[in-house]
Amino acid sequence: MFSGGNLAKVTIFALGIMPYISASIILQLLTVVWPYLEKLSKEGELGRRKITQYTRYGTMLLSVIQSSAIAVYLERTTISNQFQIVENPGLAFKAMTVLTLTTGTAFIMWLGEQITERGIGNGMSLIIFAGIVVGLPSGVIDTFFMVQRGELGLISTLLLLAGMVVVV
């Protein structure tokens, strides 16, 4: 459930670790462009801690933006053009959605940092890996059934397998 892409399952971890990864990439790019961040990155441990703190703030900002967009999308979504999937749309629903999804992202970020601090490995990478491993069996089964039903041709299957081998 930590892997992201879980909006269809309505989980509190629907945003996954992606806001953290995006914030981290943004800060790495800003380090090259913004002299203050470049200077911080060269200050050693103290500078890295400050950049990590900025990454956390960026993660929360991106989580709020993404969860707000999800809340608006959910309010506007209807089933069969008749029924809204949100029974009581409004500010309370949006606030609860933003709070819940942002808290889920904050928890995943905290969990990844705890894994890293305990020396088990890079926590964020392990969480991403766990998400991939969790989705692997259903992905293999879905692909098998697609091949069986003829939805995925032989060439597509071979290309998919070759791509998997190249990535591994």
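This one's a predicted model, so the numbers in the text were calculated from it and none came from an experiment.
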Counting only heavy atoms not in I120 (residues, nucleotides, ligands), do more than 12 fall under 6.0 Å from its CD1? yes
Among the clusters formed by ILVMFWY side chains lying less than 4.5 Å apart, do M60 and M124 turn up in the same one? yes
Please list every donor-acceptor pair under 3.5 Å in which a side-chain atom of residues 95-113 meets a protein atom from a residue at least two apart or in another chain.
residue, atom, partner, partner atom, Å
T97, OG1, F93, O, 2.8
T100, OG1, M96, O, 2.7
T102, OG1, V98, O, 2.7
T103, OG1, L99, O, 2.6
T105, OG1, L101, O, 3.3
E113, OE1, R56, NE, 3.4
E113, OE1, R56, NH2, 3.4
E113, OE2, R56, NE, 2.9

Picking from L29, V32, L27, what satisfies side-chain contact (heavy atoms from CB on, under 4.5 Å) with L37? L27
Which heavy atom in I85 sits nearest to a heavy atom in L74, and how many Å separate them? CG1-O, 3.4 Å
Can you list, pair by pair, the side-chain donor-acceptor contacts under 3.5 Å of residues 127-136, counting residues two or more places apart and other chains?
none

Answer whether the closest heavy-atom distance between the side chains of L158 and L154 falls below 4.5 Å. yes
Linking I/L/V/M/F/W/Y whenever their side-chain heavy atoms sit closer than 4.5 Å, directly or via other members, would I25 and Y20 fall into one cluster? yes
Please say yes or no: joined through hydrophobic side-chain contacts below 4.5 Å, possibly via intermediate residues, are I21 and I51 part of one cluster? no
Strictly by side-chain hydrogen bond (donor to acceptor under 3.5 Å, both in side chains), give each pair with a member in residues 137-154 just once, sequence neighbours left out. R149-E151
For P89 against Q84, the heavy-atom pair lying closest together: CG-OE1, 3.9 Å
Taking all atoms of both residues into account, what is the closest heavy-atom pair of L15 and S63, and its distance? CD1-O, 3.7 Å
Kindly write out the residues that satisfy side chain to side chain donor-acceptor pair (under 3.5 Å) with Q114, not counting sequence neighbours, or none if the list is empty. R118
Nearest heavy-atom neighbours spanning L62 and P19: CD1-O, 3.6 Å
Spell out, yes or no, whether Y73 and I70 are grouped together once hydrophobic residues are joined by side-chain heavy atoms under 4.5 Å, including indirect joins. yes
Here the pair of heavy atoms bringing G90 nearest to E75 is N-OE2, 2.6 Å
Excluding sequence neighbours, so at least two apart, what forms side-chain contact (heavy atoms from CB on, under 4.5 Å) with T116? N122
Sequence neighbours excluded - salt bridge (Lys or Arg N to Asp or Glu O under 4.0 Å) pairs with any residue from residues 119-130: none
Using a 4.5 Å side-chain heavy-atom cut-off and chaining through intermediate ILVMFWY residues, the residues clustered with L159 come out as I155
What residues form a salt bridge (charged side-chain N to carboxylate O under 4.0 Å, His left out) with E45, not counting sequence neighbours? R48, R49
If you group Ile, Leu, Val, Met, Phe, Trp and Tyr by side-chain heavy-atom gaps below 4.5 Å, do I115 and M18 land in one group? yes
Qualifying salt bridge (Lys or Arg N to Asp or Glu O under 4.0 Å) pairs, either residue in residues 100-110, two or more places apart: none
For S41 and T31, the nearest pair of non-hydrogen atoms, with its separation, is OG-CG2, 3.6 Å
Give the intermediate values and the outcome of side-chain contact (heavy atoms from CB on, under 4.5 Å) for residues Y54 and L30. CA-CA 11 Å; Y54 292 150; L30 284 176; over 6 Å; no
Sequence neighbours left out, what pairs pass salt bridge (Lys or Arg N to Asp or Glu O under 4.0 Å) with at least one residue falling in residues 15-38? E38-K42
By side chain to side chain donor-acceptor pair (under 3.5 Å), which residues pair with Q53, not counting sequence neighbours? Y57
Under the ring-ring contact (aromatic ring centres under 6.0 Å, His included) rule, collect the residues that match up with Y36, sequence neighbours excluded. W34
Keeping T59 on the side-chain end and T55 on the backbone end, is there a donor-acceptor pair under 3.5 Å? yes
